[in-house]
Amino acid sequence: MASHLILGGGGFVARHVAALLAMRGEKVRLAARSRTPAIDAMLAQGMTAVFGDIRDADWQRLLDGVDVVHHYAWSTVPSSADRDPVGDLDGNVRPTLALLEAMRARGGGRIVFASSGGTVYGLLRQIPAGEDQPVEPISIYGVGKATAERYLSVYRGQHNIDARIARLSNPFGVGQNLAGNQGAATLFLHRSVANEQIRIFGDGTVVRDYIHVADAADALVALATLDLPPEAPHVFNIGTGVGVSLNEILDVLARCLSRKLDIERISGRAYDVPVNVLEVSRIRHWLGWSARLSFEEGIRRAIADLSNGNTVMSSLNDAVAR
């Protein structure tokens with residue numbers, strides 16, 4: 001049984017990863033900024049937690065007895081990072097470097113970093129985007145994630161740190177924070193179920209690779225727990241390899257709910273990459289992993305979760321059975 005420290009432990013993807021690890025019998029310690037009802041529910045499952053801002057973290061204490069670090073703590077979304085680039089650097093990149101220094105001081109260890117497959121590549125030269133495509137972000141958020149990736153790669157090469165980078169596509173499902181208007185699939189889902197107006201940026205042709213959170217968590221657990229041979233790469237795309245446009249999200253929701261949706265269209269955003277779809281053959285080859293749920297299956301799963309009163313966690317049955 002390994003010991004896992006999950007930074008950003010109260011977050012959307014992190015909660016699902018923690019639940020999967022606990023179901024496997026792993027020891028899970030959450031690190032979060034504050035206590036929430038969702039974290040209280042996880043503590044009731046036998047997990048432990050510490051609270052505080054990673055900018056002030058006592059890394060040596062947090063790392064004590066830890067086998068695997070999951071770095072899912074990131075305080076910005078693309079829009080907030082664009083408004084405050086210095087805050088994005090200070091709140092995210094600097095703490096990541098401090099963590100790596102603490103891992104170096106203790107002699108290494110394994111860390112899984114949740115990067116952003118949706119932003120680090122920038123404007124795609126090839127679709128779908130493989131891990132060898134140049135990293136050329138066009139947003140401050142993407143620059144921050146890419147910078148953290150570079151630090152992780154350097155520390156991997158020089159300081160015996162088993163750094164593994166997960167370039168995650170666009171996760172969706174029950175439990176995602178809607179306050180920052182990030183995550184179009186989840187946002188549209190909640191508004192359509194509540195019969196509220198959906199605001200869509202641009203003409204709806206922006207395409208993303210959407211992955212249900214159960215599949216995303218399953219991939220991250222595999223990346224954190226499976227041993228890899230020395231010749232294996234350390235950067236992996238996590239997605240479905242299938243693009244879905246904003247208009248297609250609306251079509252799927254209307255079909256699943258059997259009714260017309262209330263839609264408002266407004267101007268597009270400069271930091272939105274027009275198309276982003278990830279090539280996922282590498283993780284299938286090295287880890288034997290691939291997404292189980294299609295986009296429509298994931299939406300139907302989320303609608304069922306909401307109907308059953310599951311507002312914090314999506315169903316993980318398929319991931320557990322893998």
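Just so it is clear, the model here is predicted, and its values are computed rather than measured. Throughout, residue positions are numbered sequentially from 1 according to the sequence presented.
- No salt bridge links Arg300 with Glu297; every basic N to acidic carboxylate O contact stays at or beyond 4.0 Å.
- A side-chain donor-acceptor contact under 3.5 Å links Arg15 to the backbone of Gly175.
- Between Phe172 and Phe295, the distance from one ring center to the other falls under 6.0 angstrom.
- Contact check for Pro134 versus Tyr121: no side-chain heavy atoms found under the 4.5 Å cut-off.
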Could you go through the side-chain contact (heavy atoms from CB on, under 4.5 Å) check for Tyr210 and Glu248 one step at a time?
CA-CA 11 Å; Tyr210 293 98; Glu248 287 172 323; over 6 Å; no
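- One hydrophobic cluster, built from ILVMFWY side chains closer than 4.5 Å, holds both Trp74 and Tyr151.
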Evaluate the side-chain hydrogen bond (donor to acceptor under 3.5 Å, both in side chains) criterion for residues Thr76 and Asp88: first the C-alpha distance (whole Å), next the side-chain angles of each, then the deciding distance (0.1 Å), finally the verdict.
CA-CA 7 Å; Thr76 57; Asp88 183 57; 2.6 Å; yes
Show, in sequence, the C-alpha distance, side-chain angles and deciding distance for Arg55 and Asp90, and conclude whether the salt bridge (charged side-chain N to carboxylate O under 4.0 Å, His left out) test is met.
CA-CA 8 Å; Arg55 291 175 296 183; Asp90 289 337; over 6 Å; no
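- Cluster annotation: Ile140 and Val93 are assigned to distinct hydrophobic clusters (Ile/Leu/Val/Met/Phe/Trp/Tyr, side-chain heavy-atom contacts under 4.5 Å, transitive).
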Run the salt bridge (charged side-chain N to carboxylate O under 4.0 Å, His left out) check on Arg282 and Asp132 step by step: do they pass?
CA-CA 10 Å; Arg282 178 182 287 187; Asp132 293 330; 3.3 Å; yes
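- Residues Arg106 and Asp64 have side chains not in contact (no heavy-atom distance under 4.5 Å, counting atoms from C-beta outward).
- Expressed to the nearest 0.5 Å, how far CD of Gln133 lies from CD of Glu131 amounts to 10.5 Å.
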Working for side-chain contact (heavy atoms from CB on, under 4.5 Å), residues Leu99 and His71:
CA-CA 10 Å; Leu99 166 60; His71 186 355; 4.2 Å; yes
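- A salt bridge links Asp162 with Arg156: the distance from a Lys NZ or Arg NE/NH1/NH2 to an Asp or Glu carboxylate oxygen falls below 4.0 Å.
- For the residue pair Ala57 and Leu62, the shortest heavy atom distance occurs at CB-CD1, 3.9 Å.
- Listed for the Arg94 side chain is no donor-acceptor partner under 3.5 Å among the backbone atoms of Leu89.
- Between Pro274 and Leu123 the shortest side-chain heavy-atom distance falls below 4.5 Å.
- With 3.5 Å as the limit, one finds no donor-acceptor pair spanning the side chains of Glu149 and Thr147.
- Proximity of a side-chain donor or acceptor of Asp209 to a complementary backbone N or O of Gly241 within less than 3.5 Å is detected.
- The shortest side-chain heavy-atom distance between Val135 and Arg150 falls under the 4.5 Å cut-off.
- A distance of 7.5 Å separates CZ of Phe236 from CZ of Arg164, quoted to the nearest 0.5 Å.
- Between the side chain of Asn310 and the backbone N or O of Leu306, no donor-acceptor pair lies under 3.5 Å.
- Hydrophobic clustering, with ILVMFWY side chains joined whenever heavy atoms are under 4.5 angstrom apart, groups Val206 together with Ile263.
- Side-chain atoms of Leu152 and Ile111, non-hydrogen and from C-beta on, do get closer than 4.5 Å to each other.
- In this model, no donor atom of one side chain and acceptor atom of the other lie less than 3.5 Å apart for Asn247 and Ser245.
- Hydrophobic cluster membership differs between Met23 and Val68, with clusters built from Ile, Leu, Val, Met, Phe, Trp and Tyr side chains linked at under 4.5 angstrom.
- Annotation: the span from Ile39 atom CD1 to Leu43 atom CG amounts to 7.0 Å, rounded to 0.5 Å.
- Between Leu220 and Tyr72 the shortest heavy-atom distance is CB-OH, 3.7 Å.
- To the nearest 0.5 Å, the span separating CD1 on Ile165 from CG on Asn237 amounts to 11.5 Å.
- A donor-acceptor distance shorter than 3.5 angstrom exists from the side chain of Ser169 to the backbone of Ile238, with no hydrogens or angles considered.
- Counting only distance, with no hydrogens or angles, the side chain of His212 and the backbone of Ala214 share a donor-acceptor pair below 3.5 Å.
- By the 4.5 Å heavy-atom criterion applied to side chains, Leu223 and Phe113 are not counted as neighbours.
- Side-chain atoms of Thr186 come within 3.5 Å of backbone N or O of Gly173 as a donor-acceptor pair.
- Hydrophobic clustering, with ILVMFWY side chains joined whenever heavy atoms are under 4.5 angstrom apart, groups Leu316 together with Val213.
- Side-chain contact check for Tyr141 and Asn92: no donor-acceptor pair (N or O, by modelled atom type) lies under 3.5 Å.
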Given the rule in the side-chain contact (heavy atoms from CB on, under 4.5 Å) test, do Tyr155 and Asn160 qualify, once you have shown the distances and angles that lead to the verdict?
CA-CA 7 Å; Tyr155 276 73; Asn160 193 39; over 6 Å; no
Run the side-chain contact (heavy atoms from CB on, under 4.5 Å) test on Phe51 and Leu30 for me, step by step, so that the C-alpha distance in whole Å, both residues' side-chain angles and the decisive distance to 0.1 Å come before the verdict.
CA-CA 8 Å; Phe51 302 102; Leu30 309 172; over 6 Å; no
Identify each donor-acceptor pair in which a side-chain atom of residues 253-262 lies under 3.5 Å from a protein atom, sequence neighbours left out, and give them as a table.
unit_1	atom_1	unit_2	atom_2	d
Arg255	NE	Glu296	OE1	3.4
Arg255	NH2	Glu296	OE1	2.7
Arg259	NH1	Ser192	O	3.3
Arg259	NH1	Asn195	OD1	3.1
Arg259	NH2	Ser192	O	2.3

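- For the pair Val17 and Val112, the minimum side-chain heavy-atom distance is 4.5 Å or more.
- No donor-acceptor distance shorter than 3.5 angstrom exists from the side chain of Arg33 to the backbone of Gly8, with no hydrogens or angles considered.
- Residue Arg301 is tested with Asp305, Ile299, Ile303 for a side chain to side chain contact (heavy atoms under 4.5 Å, CB included); the sole match is Asp305.
- Summarising the geometry, atom NE2 belonging to His4 is positioned 11.0 Å from atom CG belonging to Leu20; distances are rounded to the nearest 0.5 Å.
- More than 12 heavy atoms of other residues, nucleotides or ligands sit less than 6.0 Å from atom CZ of Arg265.
- Distance check: Thr119 OG1 to Glu136 CD gives 13.5 Å after rounding to the nearest 0.5 Å.
- Side chain of Arg29 to backbone of Ala31: no donor-acceptor contact under 3.5 angstrom is found.
- In this structure, His70 and Leu21 have side chains that are in contact, with non-hydrogen atoms separated by less than 4.5 Å.
- No donor-acceptor pair closer than 3.5 Å links the side chain of Lys145 to the backbone N or O of Gly117.
- Across all their heavy atoms, Gly243 and Val277 have their closest contact at CA-CG2, 3.5 Å.
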